[in-house]
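In what follows, a structure is listed as structure tokens, so that the remarks can point back to it.
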Amino acid sequence: MNLKSERRGIHVDQSELLCKKGCGYYGNLAWQGFCSKCWREEYHKARQRQIQEDWELAERLQREEEEAFASSQSSQGAQSLTFSKFEGKKTNEKSRKVTTVKKFFSASSRGGPKKEIPEAKAASPSLHRQASLETDRASKEFIEFLKTFHKMGQEIYKQTKSFLEAMHHKRELSIEEQSEYAQDFYQNVAERLQTRGKVPPEKMEKAMDQIEKYVMTRLYKYVFCPETTDDEKKDLAVQKRIRALHWVTPQMLCVPVNEEIPEVSDMVVKAITDIIEMDSKRVPRDKLACITKCSKHIFNAIKITKNEPASADDFLPTLIYIVLKGNPPRLQSNIQYITRFCNPSRLMTGEDGYYFTNLCCAVAFIEKLDAQSLNLSQEDFDRYMSGQTSPKKQESERWAPNACLGVKQMYKNLDLLSQLNERQERLMSQAKKLEKDLIDWTDGIAKEVQDIVEKYPLEIKPPSQPLAAIDSENVENDKLPPPLQPQVYAG
């Protein structure tokens with residue numbers, strides 16, 4: 001069965017990556033298909049509606065309490081009982097209504113009770129020293145960069161310090177509320193640089209990158225994979241899922257990459273290294289840079305294999321294959337961290353946003369991958385998933401991981417030469433058979449002609465009389481009149 005000819009491949013239309021509101025920016029699964037801008041607008045609209053509903057509910061309950069109080073003046077005990085009854089009703093309904101926005105915009109797992117947030121996760125001294133060095137380096141770079149803004153730089157520094165202090169006091173809030181506060185901070189700083197500072201777009205982008213680096217190197221240990229979320233549970237689920245899919249081959253995904261080519265094999269290794277290295281970065285922009293480098297290596301591998309530029313339909317299946325082969329650590333935590341605390345402009349536009357959106361699609365595809373996605377029967381898929389058997393691998397995949405590439409290539413070439421020799425022998429055998437068939441056909445035709453000639457011989461009879469002149473048989477020539485003679489007339 002030829003999978004490439006029978007499968008349509010993994011295809012995602014470009015419109016499916018964009019915000020479902022139609023603004024033209026890239027959407028995100030964590031934002032229910034909206035981009036960062038539209039998500040914030042929808043969130044604020046829902047929150048305003050909820051505030052209005054809570055206000056109307058409070059007014060209605062107040063009127064009910066006043067009416068109940070007016071009708072129960074006969075007894076102080078009855079009055080106290082009625083007031084307590086309506087006070088309990090008010091408290092219950094308000095507590096139920098206040099959580100509506102959070103339930104609408106949050107994962108189902110957020111309904112559980114919050115855990116107490118520790119000050120910091122336990123880390124080894126070497127990791128702590130490394131984080132301190134990175135934080136100090138980011139602080140020096142940030143201060144040096146702000147010197148180019150003069151007075152505006154001092155205002156930005158004060159605003160950033162105030163934000164960090166506020167975030168320190170907001171650790172008891174949910175991670176979504178901390179993310180909302182960080183996005184508001186990014187937006188306020190960008191508006192200040194654009195309106196008051198008249199900063200050009202190129203310089204403003206660098207400024208936002210420096211602010212993000214300075215802020216997130218300090219907040220990383222508190223907001224990355226916090227214990228109040230189920231990010232770690234999702235990480236383990238994705239890792240288990242990828243390990244269970246270890247048998248998936250490039251042919252099943254229609255991956256247009258030939259790893260037998262040394263240059264392509266190097267590109268695949270670099271792409272896997274980049275996607276794994278993402279977990280070691282602390283700044284969302286640096287994590288996005290790892291995704292971008294991984295994606296560019298994928299495009300180069302496809303280009304070398306096909307000898308033509310890669311398309312989007314080639315990129316996504318190859319990215320899925322890289323994720324399956326690399327099994328990056330804490331993949332869901334890194335995606336959530338980027339979504340929550342990255343500068344939103346990077347996720348909405350540009351190559352970083354495009355590659356990140358494709359990575360989210362790849363992870364979603366892996367989580368929902370089934371037999372139909374791989375063009376397999378349900379029985380084969382279940383046997384592969386249970387480990388009872390595995391699909392037949394190519395000869396090149398049966399080598400040990402530490403085998404020399406030169407030796408593998410040599411044996412591959414010898415195998416190709418052996419196949420060519422077999423084909424040549426088959427070709428010569430068929431050519432000789434064709435020659436014999438032609439000789440036999442010629443002899444058969446000659447024999448049939450000879451048999452016909454012998455059966456029906458050709459007899460050639462001589463003529464009875466020789467040919468003569470036309471008038472040879474005319475015996476009365478002497479009786480013919482003389483021929484006409486020309487006559488000349490005078491004048």
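All values reported here derive from a predicted model rather than from experimental measurement.
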Return yes if some donor-acceptor pair links the side-chain N/O of [X] with the main-chain N/O of [Y] below 3.5 Å, else return no.
X      : Y      : answer
Lys287 : Met278 : yes
Tyr157 : Phe142 : no
Gln336 : Asp231 : no
Gln378 : Ala371 : no
Gln183 : Arg340 : yes
Arg241 : Leu369 : yes

Where is the tightest heavy-atom contact between [X] and [Y], given as atom of each residue plus distance?
X      : Y      : value
Asp314 : Thr318 : O-OG1, 2.8 Å
Val223 : Ile175 : O-CD1, 3.8 Å
Thr305 : Asn258 : OG1-N, 3.3 Å
Tyr186 : Pro344 : CD1-CD, 4.0 Å
Leu374 : Phe381 : CD1-CE1, 4.3 Å
Met267 : Ala301 : CB-CB, 3.8 Å

Between [atom1] on residue [X] and [atom2] on residue [Y], distance to nearest 0.5 Å:
X      : Y      : atom1 : atom2 : result
Thr228 : Arg171 : OG1   : CZ    : 12.5 Å
Asp279 : Cys290 : CG    : SG    : 10.0 Å
Ile156 : Tyr214 : CD1   : OH    : 13.0 Å
Asn334 : Leu288 : CG    : CG    : 10.5 Å
Asn343 : Gln187 : CG    : CD    : 10.5 Å
Ile242 : Ile366 : CD1   : CD1   : 5.0 Å

State, yes or no, whether a side-chain contact exists between [X] and [Y] at a heavy-atom distance under 4.5 Å.
X      : Y      : result
Thr389 : Trp247 : no
Leu319 : Tyr355 : no
Val189 : Thr160 : no
Glu205 : Arg346 : yes
Val257 : Ile298 : no
Ile320 : Val248 : no
Gln239 : Pro329 : yes
Leu219 : Met167 : yes

- Item | Close aromatic pair by centroid cut-off 6.0 Å: Phe341 and Phe224 | no
- Item | From CA spacing to verdict: side-chain contact (heavy atoms from CB on, under 4.5 Å), Asn188, Phe163 | CA-CA 11 Å; Asn188 293 334; Phe163 167 74; over 6 Å; no
- Message: Set out, in order, the CA-CA distance, both residues' side-chain angles and the distance that settles side-chain contact (heavy atoms from CB on, under 4.5 Å) for Glu212 and Cys342, then state yes or no.
- Response: CA-CA 7 Å; Glu212 178 187 308; Cys342 183; 4.2 Å; yes
Check this for me: [X], atom [atom1], are more than 12 non-hydrogen atoms of other residues, nucleotides or ligands nearer than 6.0 Å?
X      : atom1 : value
Gln159 : CD    : yes
Glu232 : CD    : no
Lys233 : NZ    : no

- Task: Just do the side-chain contact (heavy atoms from CB on, under 4.5 Å) check on Asn358 and Ile291 with the steps written out, would you?
- Result: CA-CA 10 Å; Asn358 275 273; Ile291 299 174; over 6 Å; no
- Listed by chain and number, what are the side chain to side chain contact (heavy atoms under 4.5 Å, CB included) partners of Asp274, not counting sequence neighbours? Glu277, Lys293, Cys294, His297
- Item | Partner set under side chain to side chain contact (heavy atoms under 4.5 Å, CB included) for Asp370, not counting sequence neighbours | Gln372, Ser373
- Task: Return each pair, listed once, that meets side chain to side chain donor-acceptor pair (under 3.5 Å) where at least one residue sits in residues 138-150; pairs must be two or more places apart or across chains.
- Result: Ser139-Arg218, Glu141-Lys213, Glu144-Lys147
- Task: With side-chain contact (heavy atoms from CB on, under 4.5 Å) as the test, would you mind laying out the steps for Ser345 and Met208 before giving the verdict?
- Result: CA-CA 10 Å; Ser345 62; Met208 295 304 299; over 6 Å; no
- Message: Taking side chain to side chain contact (heavy atoms under 4.5 Å, CB included) as the criterion, tell me which of Asp286, Asp136, Val283 meets it with Thr217.
- Response: Val283
- Task: Measure from NZ or CZ of Lys203 to the centre of the six-membered ring of Phe149 and say whether it is under 6.0 Å with the direction within 45° of the ring axis.
- Result: yes
- Lys206 NZ/CZ over Phe145 ring centroid, <6.0 Å and within 45° of normal: no
- Going through the distances and angles, do Asp352 and Thr292 end up as a side-chain hydrogen bond (donor to acceptor under 3.5 Å, both in side chains)? CA-CA 6 Å; Asp352 290 342; Thr292 301; 2.5 Å; yes
